[in-house]
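The model shown is predicted, which means the values in this text are computed figures rather than measured ones. In what follows, every chain begins at residue 1, and chains take the letters A, B, ... in the order their sequences are listed.
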Amino acid sequence: MALSANPVAAEIARAVAAVLGISPDDVKIDPPPRPELGDFAVPAFPLAKLTKEPPPAVAARVARDLPRSGVVTDVTATGPFINVKVDRAAALRVVLASVADAATLIPARGAGQTVCIDYSSPNISKHLAYHHIRSTMLGHALASIHEALGYTVVGINHLGDWGTTHGMLLAAFERWGAEPKYQPLDVTGLNDLYVRFREAMKADPALGDEGRAWFKRLEDGEPGVRARWQQFRDISWREFDRVYQRLGVHFTFVTGESEYEDKMPEILAMLAAKGLLSESEGAQVVAIPGEKTPMLIKTKDGTTLYATRDLAAALYRWRQYGFARSLYVVDRGQSLHFKQLFAVLGMLGFDWAARCTHVPFGLVRFGGKKTTTRGGNVVLLDEVFAEASEQVRPLIAEAQPDMPAAQLDRTAEQIGVGAVVFANVLPQRDKDVEFDWDKVLSLSGDSGPYLQYTVARCWSIHRKAGAPALDPAVDVGRLTHDAEWAVARRLLDVGDYVARAADNCEPHVVAHYLLELAADFSRWYTLGNGDADLRVLCDDADVRAARLALVAAVRTWLTRGLAMLGLGAPEVM
RNA sequence: GCGCCCAUAGCUCAGCUGGAUAGAGCAUCGGCCUUCUAAGCCGAGGGUCAGAGGUUCGAGUCCUCUUGGGCGCGCCA
């Protein structure tokens with residue numbers, strides 16, 4: 001167990017460890033089930049195992065011997081649990097310091113290490129559909145979360161721009177591309193050509209060979225074929241980039257599978273040299289010990305498959321970046337592929353294969369079914385965002401009648417897109433998500449807009465106070481209300497949640513943390529409804545300054561957290 | 001057939017890698033706006049954590065089996 005990123009919890013762990021003569025890493029710190037028990041709790045069971053005493057005895061001993069110094073002000077044993085109360089002013093000073101320096105609460109434990117993250121990675125010649133939001137935003141969140149921990153992140157958009165599919169598209173264009181409906185050619189036209197070709201293949205299976213032949217020509221580098229493919233790719237990228245900009249998503253590089261074309265001969269040679277290649281039904285395969293199905297490396301036509309390209313890409317990434325982790329944010333349906341991929345890398349003798357991780361996620365369903373382009377039940381990302389912004393706009397206009405039109409547009413976009421994005425990072429990755437307009441566009445409760453609203457309330461207070469900057473001379477001793485402490489106590493934990501999100505590749509950990517933080521703030525805020533003395537903007541100047549500082553901390557961390565998940569936070573809504 | 005994943009409140013989901021009395025949101029019902037944004041807050045009802053064994057001080061969490069659902073399994077990616 002690693003030492004907590006919460007500096008107060010870490011100090012308690014060290015103090016307890018010193019009393020018992022054990023390692024601080026062995027001291028687990030929990031929040032007590034009820035706040036009146038204390039600020040931090042230490043279960044004595046694991047400690048008892050190390051000191052070979054009964055748990056209540058260890059708890060009693062720690063309660064007696066733990067120095068009431070530093071942040072620790074009070075220690076009580078409650079049966080086998082040790083409850084610790086801390087110097088709230090000292091803890092609050094740490095919290096406020098984190099506004100200027102995030103590292104106070106999130107140690108840069110990833111400094112000097114690189115993480116490669118492969119995410120989004122759509123196929124060209126198709127629209128970005130709603131289901132693409134999962135890989136795109138989970139990957140983007142993982143990138144931001146790792147960056148927050150000090151890692152160097154290499155975000156890779158590995159476009160599906162190579163393979164037989166694209167041969168079929170070339171064949172389809174050859175047949176029908178001159179028709180007026182494809183002038184000018186756009187993604188809709190490209191997708192139509194592909195669907196039309198697949199449809200025709202049902203009647204005439206020989207077309208499959210035609211498609212494969214075109215891919216062979218592409219892979220062999222015929223200039224005219226290559227130019228046409230490049231045109232499809234450019235058309236697709238213009239469309240993708242527009243949506244990525246709408247989402248605020250960016251990549252370190254956008255390459256695509258075609259990028260590894262010239263890097264495959266080396267991989268093939270390595271496989272051959274190790275004697276791993278064998279022939280099966282005309283294809284080149286690698287048999288994996290303990291696995292029923294081999295990995296297909298080359299088709300009977302001699303063209304490559306995505307497995308071959310992924311092997312080459314993995315090796316390239318290792319050579320370029322010497323990554324600490326290499327993550328592949330790809331849907332769960334490809335689990336077998338990645339299992340095989342990492343196994344073959346291991347068979348090639350690459351010990352770094354253990355650093356490669358498939359980060360799978362569940363399906364997006366529509367009407368209970370998997371969404372597919374051919375199924376006709378695909379919802380475009382753009383359509384969802386447009387609908388979301390549309391629904392949000394009147395609510396903002398009502399709350400902010402004086403807001404200029406341009407700002408209203410911007411705000412509606414941020415909240416509408418934010419609602420959709422948040423709904424997709426809130427559940428665990430594993431879960432399938434059923435597409436549901438009501439849920440995706442929910443503005444109340446556990447939602448992105450709720451978090452954004454909380455931020456906007458903070459901004460509003462600061463505007464009214466005329467002092468958005470944090471006063472360094474603030475007297476934190478004036479923050480004496482339990483509701484204020486609950487907020488500060490929550491903020492202290494932020495680093496542990498971000499670290500866990502990174503370790504488990506689960507951005508939803510951050511999403512749920514932010515909801516708790518916002519709820520703590522909202523409870524505190526609402527106290528002011530009935531009692532003017534409990535408002536941030538109260539009469540006492542010192543209390544007011546201290547509360548404004550705490551509001552700044554909430555605003556700062558909510559904004560940082562939302563950014564980690566890919567949501568913007570407007571100052572007014 | 002083989003493999004992987006999932007099962008917690010009426011619905012959608014959390015549950016900090018095994019710790020104290022299992023928590024939120026939605027929906028339902030009842031409260032709170034003359035001054036910090038009610039997209040909010042407070043309260044009520046609602047649970048055999050799919051089922052059965054096992055591991056131990058302690059299991060929603062770990063192991064086995066059963067049931068129910070989902071997804072994969074050679075020339076697409």
Side-chain angles (χ1 to χ4, degrees), chain A residues 1 28 30-34 37 41 43-46 48 54-55 78-81 83 121 123 160 162-166 168 211-212 257 280-285 291-301 303 305-307 309-310 330-337 339 360 362-363 365 370 392 395-396 399-400 415 426-428 430-434 436 438-439 442-447 449-450 452-454 456-465 493 496-497 500 503-504 508-509 511-513 515-516 518-519 522-523 525-530 532 535-538 547 551 572-573:
Chain A
M1 175 190 340
K28 188 182 181 189
D30 285 328
R34 292 183 303 284
L37 288 170
F45 302 99
T78 308
F81 292 91
N83 291 312
S121 307
N123 293 334
W162 209 243
T164 306
T165 300
H166 305 283
M168 292 179 185
R212 276 187 285 275
E257 295 181 62
S280 169
E281 298 170 35
Q284 295 286 308
V285 304
E291 288 291 323
K292 201 175 140 196
T293 48
M295 187 177 217
L296 263 77
I297 300 294
K298 266 196 162 184
T299 68
K300 62 186 177 197
D301 301 323
T303 60
L305 290 159
Y306 82 136
R309 298 188 281 276
D310 273 358
V330 182
D331 75 87
R332 200 177 47 213
Q334 293 190 46
S335 294
L336 178 61
H337 166 69
K339 194 175 169 190
L363 294 172
R365 296 169 183 290
K370 181 177 173 176
V392 156
L395 281 149
I396 304 166
Q400 309 294 338
I415 296 170
L426 186 60
Q428 285 179 29
D430 287 355
K431 307 268 181 184
D432 290 347
V433 295
E434 173 74 25
D436 175 355
D438 290 340
K439 202 199 299 185
S442 166
L443 306 180
S444 59
D446 289 347
S447 71
Y450 168 58
Q452 291 167 320
Y453 175 71
T454 308
R457 280 175 141 185
C458 292
W459 276 110
S460 180
I461 292 170
H462 285 134
R463 273 194 304 275
K464 293 221 158 121
D493 281 332
D496 283 333
Y497 283 88
R500 185 148 57 90
D503 291 343
N504 299 348
H508 92 292
V509 169
H512 283 279
Y513 170 79
L515 289 170
E516 294 296 332
S522 295
R523 271 190 285 274
Y525 179 96
T526 306
L527 293 174
N529 282 350
R535 285 181 198 142
V536 175
L537 303 178
C538 58
R547 288 179 182 165
V551 172
V572 182
M573 67 183 268

Check: Just by modelled atom types, is the A456(A) backbone N or O under 3.5 Å from a matching donor or acceptor in the S460(A) side chain?
Finding: no

Item checked: Donor-acceptor contact below 3.5 Å, side chain S442(A) vs main chain D438(A) -> no

Margin query: For the P atoms, the ones on rC26(B) and on rC65(B), what distance do you get once it is rounded to whole angstrom?
Written below: 41 Å

Check: Y525(A) near the nucleic acid: base, sugar-phosphate alone, or nothing, with a heavy-atom cut-off under 4.0 Å?
Finding: base

Margin query: Applying salt bridge (Lys or Arg N to Asp or Glu O under 4.0 Å), can you list everything that pairs with D436(A), at least two apart in sequence or on another chain?
Written below: none

Next item on the list: Give S460(A) one of three labels, base, sugar-phosphate or nothing, depending on what nucleic acid heavy atoms sit under 4.0 Å from its own.
Entry: base

Notebook entry, point to check: Contact class for R309(A) (heavy atom, under 4.0 Å): base, sugar-phosphate, or nothing?
Noted result: sugar-phosphate

Checklist line | Syn/anti state of rC33(B) by chi, 90° boundary around 0 | finding: syn

Check: Looking only at atom C1', what distance separates rC62(B) and rU17(B), rounded to whole Å?
Finding: 10 Å

Notebook entry, point to check: Please, what dot-bracket string fits RNA chain B when only Watson-Crick and G-U pairs with both distances under 3.5 Å count, crossing ones use [ ] and pairs to another strand use |?
Noted result: (((((((..((((.....[...)))).(((((.......))))).....(((((..]....))))))))))))....

Next item on the list: If the plane angle is over 60° it's perpendicular, under 30° parallel, otherwise tilted; pick one for F45(A) and F81(A).
Entry: perpendicular

Checklist line | Distance between C1' atoms of rA14(B) and rG30(B) (Å, rounded) | finding: 27 Å

Notebook entry, point to check: Using a cut-off of 4.0 Å on non-hydrogen atoms, how would the nucleic acid contact of P427(A) be classed: base, sugar-phosphate, or nothing?
Noted result: sugar-phosphate

Notebook entry, point to check: Is the ring centre of H512(A) less than 6.0 Å from the ring centre of Y497(A)?
Noted result: no

Note to self: Let's test your reading of the model: under 3.5 Å, does the base of rA20(B) pair with the side chain of N83(A) as donor and acceptor?
What the structure shows: yes

Notebook entry, point to check: Any donor-acceptor pair under 3.5 Å between the side chain of R34(A) and the base of rU21(B)?
Noted result: yes

Next item on the list: Under 4.0 Å between any heavy atoms, over every strand shown, what does P31(A) touch: base, sugar-phosphate, or nothing? Just pick one.
Entry: base

Check: Just checking A41(A): base, sugar-phosphate only, or nothing, at a heavy-atom cut-off of under 4.0 Å?
Finding: base

Check: Of the nucleotides rC13(B), rU17(B), rC36(B), which has the atom closest to the N504(A) side chain?
Finding: rU17(B)

Notebook entry, point to check: Does a salt bridge link K339(A) with E291(A), judged by any charged N lying under 4.0 Å from a carboxylate O?
Noted result: yes

Check: How would you label the contact of G333(A) with the nucleic acid (heavy atoms, under 4.0 Å): base, sugar-phosphate, or nothing?
Finding: sugar-phosphate

Check: Hey, does K300(A) reach any base, or is it just sugar-phosphate, or nothing, if we go heavy atoms under 4.0 Å?
Finding: base

Notebook entry, point to check: Syn or anti: how is rU64(B) classified when any glycosidic angle within 90° of 0 counts as syn?
Noted result: anti

Margin query: Measuring only the P atom in each nucleotide, how far is rG31(B) from rA9(B)? A whole number of Å is fine.
Written below: 29 Å

Check: What does Q400(A) touch in the nucleic acid at a heavy-atom separation under 4.0 angstrom: a base, only the sugar-phosphate, or nothing?
Finding: base

Item checked: Distance in angstrom units between D432(A) CG and rC71(B) P, rounded -> 8 Å

Check: Over how many whole Å does the gap from H337(A) atom NE2 to rC76(B) atom C1' extend?
Finding: 12 Å

Margin query: What contact category does Q452(A) fall into here, base, sugar-phosphate, or nothing, at under 4.0 angstrom with non-hydrogen atoms?
Written below: nothing

Note to self: Closer than 3.5 angstrom, by distance alone: can the side chain of R547(A) be matched with the main-chain N or O of R535(A) as a donor-acceptor pair?
What the structure shows: yes

Item checked: Side-chain heavy atoms of L515(A) within contact of Y450(A), under 4.5 Å -> yes

Next item on the list: Considering only atom C1', compute the distance from rC49(B) to rC13(B) and round it to an integer number of Å.
Entry: 13 Å

